[in-house]
Protein chains: 2
Amino acid sequence: MVVVKMTEGVEWALHCCLDLAWAGDTPVPAARLAAHHGLPPAYLTKQLQALGRAGIVRSTPGPRGGYLLDRPPHTVTLMDVVAAVDGADPAFRCTEIRAGGPHTTRCAIDTAMARADLAWRRELAARTLADLDADVRRADPDAPAATRARLT
Amino acid sequence: MVVVKMTEGVEWALHCCLDLAWAGDTPVPAARLAAHHGLPPAYLTKQLQALGRAGIVRSTPGPRGGYLLDRPPHTVTLMDVVAAVDGADPAFRCTEIRAGGPHTTRCAIDTAMARADLAWRRELAARTLADLDADVRRADPDAPAATRARLT
DNA sequence: GACCGTATACTCGGATAAAATATGTCCGAGTCTGGAAGG
DNA sequence: CCTTCCAGACTCGGACATATTTTATCCGAGTATACGGTC
């Protein structure tokens, strides 16, 4: 039961997190983030709520309110975002369909899949929002400032 | 749109491929494989058909018919099986929701996710059915023969 | 006794439903802003 | 002119529909087998 395809919400959440990192201390409403990316506003709030429950973003209500990053960008890994939105369930959980009663050893298939899943998570955990920011600045130094100007 | 959860069919397909490797040249009907694992027989055939289209297993109709592995076990990687059942679509395909018109550079998020996906696939591609067979024999040398006896 | 034709039963294969999950939408609770009245 | 109060509008948050994927099932097409008849 390993999955090879992520939900759309993960992509949106990653883009929004990067946007919020660029916005700095200025709260950005979900509606503005949605308009910026051409996404359904009402559904995007669902992903942002998940990020809020995970302690990645913080929301402030009322006028001039919105979302902002609750942690320094270099402390937020891609794995954190993925786990917050798509759930932290193990990618592959062998349901033990092997015949012959209970087994004392771990299923070889489960072990192999767990190894692959671990490699995937390790890559995601090794990369933070600050790294993404650096990558973008390297390719287009003006992009962060331009995005910040549009959002705030 | 990265996914963290695979479909059930992948697990079934992997177990069945290992079973077929142990069965050798004797065709095994889908119904027997399903009964051995306590699975819905009609649905398991769907996964086996996918394996057949990928050239991993071969089916022989009529009495004494069934499925058998169409390739030596050491040439069938776990990635082959996963791709056959769950599709070979990329795990994460950035839909380019970045604002500001078409971009000349690749999305940094897409790059990072592709890197993680590649690590996952590399692990799966590095492990074959023969490796799994060796793992099982190391833990329980009698298991392959016992399974073969039950299936043939 | 050996060969051939035929009926049979068993196999897969794709087309067809039901369930679960992901996607998308709505309206209510809470809160900060801004202005107006009063001191 | 400064302080306080109040009304308003904007924000999020969770509960409610729709669409898509996954899971599950069925019945028909095709084929190797096994038997019976024939030479």
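Below, chains carry the letters A, B, ... as their sequence lines are ordered, and counting in each starts from 1.
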Novice: Could you check how far CD of B:Gln47 sits from P of C:dC12, rounded to whole Å?
Specialist: 14 Å
Novice: With respect to the side chain of B:Ser59, which nucleotide from C:dC12, C:dG24, D:dA24 is positioned closest?
Specialist: C:dC12
Novice: Quick one: does any side-chain atom of B:Arg58 pair with a main-chain N or O of B:Leu68 as donor and acceptor, under 3.5 Å?
Specialist: no
Novice: Looking only at side chains, do B:Asp131 and B:His74 share a donor and an acceptor under 3.5 Å apart?
Specialist: no
Novice: Using every non-hydrogen atom in the two residues, find where B:Pro29 and B:Gly65 come nearest and quote the distance to one decimal.
Specialist: CG-O, 3.7 Å
Novice: How would you list, by chain and number, every residue that makes a side chain to side chain contact (heavy atoms under 4.5 Å, CB included) with B:Arg71, sequence neighbours excluded?
Specialist: B:Ile56, B:Thr75, B:Val76, B:Asp80
Novice: Hey, which sits more toward the 5' end of DNA chain D by its nearest nucleotide, B:Tyr43 or A:Thr45?
Specialist: A:Thr45
Novice: Grab the CH2-P distance between A:Trp12 and C:dT23 for me, whole Å please.
Specialist: 7 Å
Novice: Rounded to whole angstroms, how far apart are CD on A:Glu8 and P on C:dG24?
Specialist: 7 Å
Novice: Is B:Arg53 close enough to C:dG14 that one of its side-chain N or O atoms is under 4.0 Å from OP1 or OP2 there?
Specialist: yes
Novice: Pair A:Asp117, B:Trp120 - check side chain to side chain donor-acceptor pair (under 3.5 Å), show working.
Specialist: CA-CA 6 Å; A:Asp117 187 51; B:Trp120 178 71; 5.3 Å; no
Novice: Do A:Arg127 and A:Asp135 pass the salt bridge (charged side-chain N to carboxylate O under 4.0 Å, His left out) test, and can you show the C-alpha distance, the side-chain angles, and the key distance before you say yes or no?
Specialist: CA-CA 11 Å; A:Arg127 214 147 194 88; A:Asp135 291 345; 3.5 Å; yes
Novice: Could you list by number each residue of residues 62-72 of chain B showing a heavy-atom separation from DNA chain C of less than 4.0 Å, or answer none if no residue does?
Specialist: B:Gly62, B:Gly66, B:Tyr67
Novice: OP1 or OP2 of C:dT31 sitting under 4.0 Å from any side-chain N/O of A:Thr60?
Specialist: no
Novice: Whole-Å distance between D:dG14 P and A:Lys46 NZ?
Specialist: 9 Å
Novice: Keeping B:Arg148 on the side-chain end and B:Trp22 on the backbone end, is there a donor-acceptor pair under 3.5 Å?
Specialist: yes
Novice: Can you figure out which of C:dT25, C:dA15, D:dT31 approaches the side chain of B:Pro61 most closely?
Specialist: D:dT31
Novice: Mind running a 4.0 Å heavy-atom check of residues 23-35 of chain B against DNA chain C and sending the residues that fall below it, in number order?
Specialist: B:Pro29, B:Ala30
Novice: In whole Å, I'd like the distance from the CG atom of A:Leu48 to the P atom of D:dT11.
Specialist: 13 Å
Novice: Does D:dC12 have OP1 or OP2 under 4.0 Å away from a side-chain N or O of A:Gln49?
Specialist: no
Novice: Regarding B:Thr147 and B:Asp19, do their side chains bring together a donor and an acceptor under 3.5 Å, going by distance alone?
Specialist: no
Novice: Is there a path of hydrophobic side-chain contacts, each under 4.5 Å between heavy atoms of I, L, V, M, F, W or Y residues, that connects B:Ile109 with B:Leu118?
Specialist: no
